[in-house]
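To start, I am sharing the structure in question, which I have written as structure tokens.
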Number of protein chains: 2
Amino acid sequence: MSSMSTKSAPTLQRSGKYAGKAASTRQAERRKKLLAAGIKLIGREGYAATSIDAVCHEAGLTKRYFYESFTNSDQLLVEAYRTVTQEYLSTIMRATRPHLKDSRKLVRAGLQQSFGFVKDNPDKARLIMIEAMSVRSQLGEMYGKSYNEFVELLVGFTKPFLPDSGPGDALLAVMAKGAVGAITHLCQGWIATGFRQPVDELVAGTELIFSGMGRELGILA
Amino acid sequence: MSSMSTKSAPTLQRSGKYAGKAASTRQAERRKKLLAAGIKLIGREGYAATSIDAVCHEAGLTKRYFYESFTNSDQLLVEAYRTVTQEYLSTIMRATRPHLKDSRKLVRAGLQQSFGFVKDNPDKARLIMIEAMSVRSQLGEMYGKSYNEFVELLVGFTKPFLPDSGPGDALLAVMAKGAVGAITHLCQGWIATGFRQPVDELVAGTELIFSGMGRELGILA
DNA sequence: CATATTTGACACGATGAAGTATCACATATA
DNA sequence: TATATGTGATACTTCATCGTGTCAAATATG
């Protein structure tokens, strides 16, 4: 039933631009907004209490754009976790880079940055240290993977200082995991009690744990 | 409008007994069944995936009896957490009682029992170490409270061995919290990876952490 | 200006779980 | 046996959220 009167159909207008930006740019911006909103809400209210509608409202977008970037809320959580974990890890690496040769300074810088990040970003800390554990789904592997990145970071920090007579890799890995657990758990408790305890106390106590491990490993006198 | 024909209302029959047991007994049994079902399902499927209907079905009861014992599923989780935590703590105290004088044996016995309980009761372990953190509500305090019991247990274990020159209580508390965190985190990872790692490796690694802390505290050479 | 696409606001149906109520059957006592 | 209460199954209402669909206004382009 197409009328042959006018050739209106072909060679229509399109370029993908809107509001000055290209389609891919806008889409990336939306995704970023949603991710930020998700991090904020999940970290603040908890994953179970965070609906997709709420995330969209916080981001100033509508559900359509949520499903443009994520398939469901689990996916958002996974991405949020990945993003924040990466950020956390980066800040620690940045803070420790100048002290890779001095084990004491290295430990102190790493711990101060760890606790510092938590205090400066309570929402993000809650997200990666508390909310992330609860969800099964893909996050299980995700969590394990990111967690291992921390463990490997720690092992990497330690290796240069190790004497030949040190314990095997298996034991070293267990100790590193335990150390990550100690920090994580202290952060969890710290968050839960509203950051009442002074950072220095936490750092000092954790330093003792680390220096004890160092001694067991043959580092330090 | 009450008919005066018969005085059928007064002095009716009642004693509360049914199926041989008193009312309070039956009610206690139902509560126990629900609690056991809740522990099993929450530990196995996760809190978010555990509906009240499922708990009732697992317990062989109906919803009416759920609301007889609990006001909502949060309450069930709290009670389940409290119950299992108490049990966990008890088994550790029992296992360590014979070794309160020998710090090395004490640590080893405590750790073996800790990891042993987790492996023997994976559902319960998952419940108190993973699922418990997810819920805000009353569980926040609950978690903190039970968590502190573990910390105090550890501090209690340590105190007899401490020299006068040890660090202050604040530092000691931080270290104990960290130690609990190390164990908890190792258990979490162990659970998540299907208990593949041998217990002895976990115990050995954790022992190193503890003996390192002991050295820092002035215990052991 | 005309047309096509992007956007925002909102409506819609489906789902699942919470919490309550109803009904028939079982058990104890007079 | 008759009656009141305990029990089990299940229906019911309510509610929130998910995921999708619709429609008008805004924007870019010929």
Side-chain angles (χ1 to χ4, degrees), chain A residues 2-3 5-31 33-34 37-38 41-42 45-77 135 137, chain B residues 2-3 5-31 33-34 37-38 41-42 45-77 135 137:
Chain A
S2 59
S3 70
S5 56
T6 62
K7 212 161 174 285
S8 58
T11 65
L12 309 177
Q13 326 89 312
R14 68 188 80 106
S15 79
K17 295 228 284 182
Y18 200 89
K21 293 276 181 177
S24 61
T25 306
R26 281 169 298 154
Q27 127 96 22
E29 285 173 351
R30 285 193 292 260
R31 187 192 152 89
K33 276 187 198 171
L34 287 164
L41 289 184
I42 295 173
E45 313 291 339
Y47 178 67
T50 300
S51 68
I52 292 178
D53 283 308
V55 172
C56 295
H57 183 263
E58 175 71 32
L61 297 170
T62 57
K63 270 199 283 201
R64 178 199 317 179
Y65 296 110
F66 180 90
Y67 292 105
E68 175 195 46
S69 286
F70 308 97
T71 69
N72 53 38
S73 59
D74 269 27
Q75 177 104 36
L76 171 66
L77 177 57
V135 180
S137 78
Chain B
S2 61
S3 68
S5 54
T6 62
K7 212 159 175 286
S8 57
T11 64
L12 309 177
Q13 325 89 312
R14 69 187 75 109
S15 79
K17 296 227 284 183
Y18 200 87
K21 293 278 182 177
S24 61
T25 306
R26 282 170 292 146
Q27 125 97 21
E29 285 172 351
R30 284 193 292 262
R31 187 192 151 89
K33 276 187 197 170
L34 288 164
L41 290 184
I42 296 173
E45 313 291 339
Y47 177 68
T50 300
S51 69
I52 292 178
D53 282 309
V55 172
C56 295
H57 183 263
E58 174 71 32
L61 295 169
T62 56
K63 270 201 281 201
R64 179 199 315 177
Y65 296 111
F66 180 91
Y67 292 104
E68 175 196 47
S69 285
F70 308 97
T71 67
N72 53 39
S73 60
D74 270 27
Q75 176 104 36
L76 171 66
L77 176 59
V135 179
S137 76

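Keep in mind that the numbers below use all heavy atoms, side chains included, and drop hydrogens, waters and symmetry copies. Chain letters run A, B, ... following the sequence lines, proteins first and then strands; every chain starts at 1.
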Starting at CG of B:Leu76 and ending at P of C:dG19, how long is that distance when rounded to a whole Å? 12 Å
Separation of D:dG8 C1' from B:Leu34 CG (nearest whole Å): 14 Å
In whole angstrom, what separates A:Glu68's CD from C:dT6's C1'? 11 Å
Could you walk me through whether A:Glu29 and A:Thr25 satisfy the side chain to side chain contact (heavy atoms under 4.5 Å, CB included) test, starting with their C-alpha distance in whole Å, then the side-chain angles of each, then the deciding distance to 0.1 Å, before giving a yes or no? CA-CA 6 Å; A:Glu29 285 173 351; A:Thr25 306; 3.9 Å; yes
Which residues share a side-chain contact (heavy atoms from CB on, under 4.5 Å) with B:Lys17, sequence neighbours left out: B:Ser15
Distance check needed: D:dT27 P versus A:Lys21 NZ, whole Å only. 17 Å
Specify the separation, in whole Å, of atom CG of A:Asn72 and atom P of D:dT20. 11 Å
If the condition is side-chain contact (heavy atoms from CB on, under 4.5 Å), which residues does B:Ala59 pass it with, not counting sequence neighbours? B:Lys33, B:Leu34, B:Ala37, B:Leu61
Given that B:Phe66 and A:Arg26 both sit by DNA chain C, which one's nearest nucleotide is further toward the 5' end? A:Arg26
Generate the contact string for nucleotides 9-17 of chain D. Rules: B means base contact, S means sugar-phosphate contact only, - means no protein heavy atom under 4.0 Å. B--------
Quick one: A:Glu29 CD to C:dG8 C1', roughly how many Å, whole number? 17 Å
Within the structure shown, what part of the strands sits under 4.0 Å from A:Ala19 by heavy-atom distance: base, sugar-phosphate, or nothing? sugar-phosphate
Between P on C:dT7 and CD on A:Gln27, what's the gap in Å once rounded to a whole number? 9 Å
Compute the bend angle of the helix from C:dC1-D:dG30 to C:dA30-D:dT1 from the end axes (five pairs per end), rounded to 10°. 10°
Tell me every residue that passes side chain to side chain donor-acceptor pair (under 3.5 Å) with B:Glu68, counting only those two or more places apart in sequence or in another chain. B:Arg30
The side chain of B:Tyr67 is closest to which nucleotide in this list: D:dT7, C:dG19, C:dT6? C:dG19
Of the listed D:dT7, D:dT29, C:dT7, the closest approach to the A:Tyr65 side chain comes from C:dT7
How would you list, by chain and number, every residue that makes a side-chain contact (heavy atoms from CB on, under 4.5 Å) with B:Arg31, sequence neighbours excluded? B:Ser69, B:Phe70, B:Glu79
Measuring from A:Thr62:OG1 to A:Ile52:CD1, what's the distance to the nearest 0.5 Å? 12.5 Å
Is there a side-chain contact between B:Gln75 and B:Asn72 (heavy atoms, below 4.5 Å)? yes
Atom CD in A:Glu58, atom OG in A:Ser51: separation rounded to 0.5 Å? 11.5 Å
Measure OH/A:Tyr18 against C1'/C:dT7 and give the value in whole Å, please. 5 Å
Shortest non-hydrogen separation from A:Phe66 to A:Cys56 and the atoms involved: CB-SG, 3.7 Å
